[in-house]
Structures are given as C-alpha cells and as structure tokens.
Chemist: 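Could you have a look at this structure, given as structure tokens, before my questions?
Sequence lines set the chain letters: A, B, ... in the order given, protein chains first and strands last, and positions in each chain run from 1.
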2 protein chains.
Amino acid sequence: MPSSSVPARAAVPVRIGTMESSSTTGGGTRREATRQKLYEAAVTLIAEQGFSATTVDEIAERAGVAKGTVYYNFASKSVLFEELLRHGVGLLTASLREAAEQTAREDGSRVDALDAMVRAGLVFIDRYPAFTQLYVAELWRTNRAWQSTLMVVRQQAVAVVEGVLREGVDNGEFSDEIDIQLTAAALVGMVLVAALDWKSFQPERSLDDVHAALSRLLQGRVSGKG
Amino acid sequence: MPSSSVPARAAVPVRIGTMESSSTTGGGTRREATRQKLYEAAVTLIAEQGFSATTVDEIAERAGVAKGTVYYNFASKSVLFEELLRHGVGLLTASLREAAEQTAREDGSRVDALDAMVRAGLVFIDRYPAFTQLYVAELWRTNRAWQSTLMVVRQQAVAVVEGVLREGVDNGEFSDEIDIQLTAAALVGMVLVAALDWKSFQPERSLDDVHAALSRLLQGRVSGKG
DNA sequence: GTTTTTGAACTGACCAGTCAGTCTAAAAAC
DNA sequence: GTTTTTAGACTGACTGGTCAGTTCAAAAAC
C-alpha cells in the first residue's frame, strides 16, 4: 500500500551503469554470476538473522538484483538455501579429504592426518565464517524442509574424519576401544566451537595460533608441565 | 481457529508433576505454573523450527492456554524467549559449578573436575536436549535482539570451565602454555557437539557410554593401544 | 474482591511468490 | 547492412495470506 498515488510505470528504464558484459566463460555465464551474487548475499544475511527472519527482498537488495530475479534463478527461498548448503559443505568436504589424502601420501601418521584436517577446518571457517555459523545453527533442527539435505551433507563431512580414525585403529595407532562415531563428532565439535569463538570474540588472533592450541589439546599435551 | 467445536474450557488445571513451586515468593504459584508450561512449549517448538518460524498461537496451543494468557504473562514473544534463555543457562551454569566444586571438596585433580563437568554437561543435555539445540542455534548469530543476553549468559558458563583450567595451570597440573580461553571453548564444543550427535543419531546409547568416550578423548587416551 | 485466564475478533505490518512486461544480444530474414 | 524475430535474463508492482500484538467482557480461580 503506497502512501499515496504512484506513477506505477517504470517510464525511463535507467541503464544499469557498469554491466561490462561479465565475460568469464563466454556463453551463458551471466546467470551463473547472478546466482553467485545471490549466494553471497543470502549466506551473510541468513547467518546473521536466521532463515525465517531473512526476507527475499533483503537478499535481492543486497545482491543488487530485483526480487523477481531471485525467483527466476531459484524455485523458492528454501531451494536457494538448500543449494547454498550443498555448495558450501561440498567445499568443506573436499578440503578435509584433500588434507587427509595429502598426509597419507606423505606417509604421515593418522594423528598427523587429524591435525591436518583440524587445520583445513580452521582455514575453511576462516574463509567462510558466515556459512559455518549458518550451518551450525541449522544442523540440529528438526522439522525443517531441508533436513534431509543437511543430513546427507553432514554425513559426508563427518565420514572423512571417521575414515581417518578407522585407519588409525586398524593400524594400531589408535586404541581399538575408541568410539569412532562419537569421537569424530567430538573432534568436529572441538574445532567448530573453538573456531567460532575465535572469529566471534578474538578475531585478531592468527590461524596458526588457534591451530597450535587445538593441536595441543588433540595430542593430549594439556596435562603435565609445558 | 479450531476446526470444529471444542471444549474450550481448561476445567481441571492439571498440576505439572514435579514442579515444586520453588522460586519466587510463596504467593502467586498459579501464574508460575502457567509460565512454566509456556517455557516448555516454547522451548521445543523453537528448537525444532527456530524463533521466527514459531508462532505465538502455536506456543499457546501446545501449552494449552489462550493466546491472551501469553501476553498476560510476558510482554512479548521475544521477552518470553529471553527469559527462557536466562532460565536455561542459569541451570546449566549452576550444574557445572556444582560439579567443579564437589570435585574440589573431594580433593580431586583438576582433570577430575573437568571430567565431572563433562558429565554434568551431558546430564544437562540429556535432560534438556531441546534447550541445548536452541541455544547452539542462536549463540553465534549477530543482529538479534537478545544478543547481549546470550553473550552474558554464555560467558557465565564458559567462565566456570576457564576457572578450572586456570586452577590447573596455577598448581602445575596443566601446561602453562595452554590457551585457556580457546581450550575452554574447544572443550565445551567437544561436549556439545558429541552430545547433540548422541541425542540426534544414536539416542539409544547410555550416558555412561558417551561419557566414557569423551573421557578417553579428554585424557589423551586415544593414541596408543587400548 | 482480586488476580488470572479465557476466547474470539480485530488491526496493521510484513512477506513469499506471481506475472505481465522490459531489455538485450544475437540469430534469421530481407 | 539493415530490419525483424527470438529467447533468455531481469524487473517491480501487486496479491493473498500470515502473524505479532491488542482489546475486552466475562468466567474461573484463589
């Protein structure tokens, strides 16, 4: 309801300044660029406010596109969100796997692999803090449309950690009494919460610093004199 | 909007089992019972759906009271939520502090104190899983009305862990190179995520079982043969 | 007689999703 | 080379519905 009468006609469609033809990979990449802008806008807004409290109008505005464009590119608000989740966790999983494999290639121990994965996790969170926030906030909710997506995607990431633990047990490096699933969850939690604390409350600290603190904890070098 | 005719009369106000009046002055306990029902209804709904996606009508319905009653007892939806947060974290903090103090009274080591706190955390999460879920989901959000409440309340809980770590460093039980703040966050994260994983994905396991797994991790008994 | 609860209607803001129409660049027709 | 057509991308006013919060008289509880 506009406060008073309004032209209601676009009249002169102002040219949108620097569009610059986007280029990138020649063909239909304009669309892809728009989707990327929408992801970026959505991830920060939803991390700050939550899914339901974030409006499609806000997302469109921050991305610098019209609301209709959101619906031209995504079937709905929740589909946009789901694709965002899949995309983000895909990056994380790849990064963890890469860390584990590289350690294996260098004949490192499985503890080294865990340590490398801790670092990879920190690097990820350092790079995508908003995504991490949002992910944590949604992970344990029930009754949400994207629950199953989240489940699948979570399992992919945790499975990488579980795999390393299992290898360690198999080759005798870890006690065969450890509970793989629970230990993996605990390790993920350790990194997740420590990193979010870092980003939220002491962002000035360096990644190496944080990594060192977690390494110590991971390797049980807490007890006893330094 | 009931689909058809409905009793609509509360008739017998069922007393909630073991509520035991407790707080406030002896007088207005009827009101207190209503508030308690509203807390319980709100906590599960918000844990499942998030704050914004949960309507006041739903909360009232699940609590079995009229919508007007919600506003008779709380100034607004967010005030209800804020008081819920304060209440819940108060319980957790008390429980952690109790665990730490009891260990101290028994001349236990600081590792024992940490272990006791891990257990206290698990007991809490076992008892109030919905609250925990909701708390984690809101903790790292920014731009929310109750942000400052959350901050204060988080600090109270983490401070208990930090205190034990500090004592341990002071008496030489822990390395003086540990980063107290970060380590405390990591420990909290370890318990939190492992416990949520437990409740979400393997609820049939016993608390002792989960506690044992975390103890092992905490005491660095992961590496090496069992 | 005071406090608390009820129930149901109401308001006004807000918001997801729609749709008719615009823009543009490139292909097709001339 | 110029005009016309096509189709993909985008626009933004508009619709239909939802929901927080209000109101209040009457009933119930204490």
Chemist: So Val70(A), base contact, sugar-phosphate only, or nothing? Heavy-atom distance under 4.0 Å.
Modeler: nothing
Chemist: Base, sugar-phosphate or nothing for Thr54(A)? Non-hydrogen atoms, less than 4.0 Å.
Modeler: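 Sugar-phosphate contact only.
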Chemist: State which residue, out of Glu48(A), Lys77(A), Gln49(A), fulfils the side-chain hydrogen bond (donor to acceptor under 3.5 Å, both in side chains) condition with Thr54(A).
Modeler: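 Checked Glu48(A), Lys77(A), Gln49(A) against Thr54(A); only one passes side-chain hydrogen bond (donor to acceptor under 3.5 Å, both in side chains): Gln49(A).
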Chemist: State which of dT4(C), dG17(C), dG21(D) makes the closest approach to the side chain of Tyr71(B).
Modeler: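 Ranking dT4(C), dG17(C), dG21(D) by closest atom to the Tyr71(B) side chain puts dG21(D) first.
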Chemist: Salt bridge check: are Asp126(A) and Arg119(A) linked by an N-O gap of less than 4.0 Å?
Modeler: no
Chemist: Nearest to the side chain of Lys77(B), heavy atoms from C-beta on, is which of dA20(D), dT6(C), dT4(C)?
Modeler: dA20(D)
Chemist: Can a donor-acceptor pair under 3.5 Å be found between the side-chain atoms of Lys67(A) and the base atoms of dA16(C)?
Modeler: yes
Chemist: According to a strict under-4.0 Å criterion, is Thr34(A) in side-chain N/O contact with OP1 or OP2 of dC10(D)?
Modeler: yes
Chemist: To check you understand the geometry: which heavy-atom pair defines the closest contact between Ala42(A) and Leu80(A), and what is its length?
Modeler: CB-CD2, 4.3 Å
Chemist: dT5(C), dA16(C), dT11(D): which one has an atom nearest the side-chain heavy atoms of Asp57(A)?
Modeler: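 Per side-chain heavy atoms of Asp57(A), the pick is dA16(C).
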Chemist: Within less than 4.0 Å of OP1 or OP2 of dT5(C), is there a side-chain N or O belonging to Tyr72(B)?
Modeler: no
Chemist: I'd like to know if the side chain of Trp198(A) and the backbone of Arg205(A) have a donor-acceptor N/O pair within less than 3.5 Å.
Modeler: yes
Chemist: Please check the phosphate of dA9(D) (OP1 and OP2 only) for any side-chain N or O of Thr69(A) closer than 4.0 Å.
Modeler: no
Chemist: Would you say Asn73(A) reaches dC10(D)'s phosphate, i.e. side-chain N/O to OP1/OP2 under 4.0 Å?
Modeler: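 Yes, Asn73(A) has a side-chain N/O under 4.0 Å of OP1/OP2 on dC10(D).
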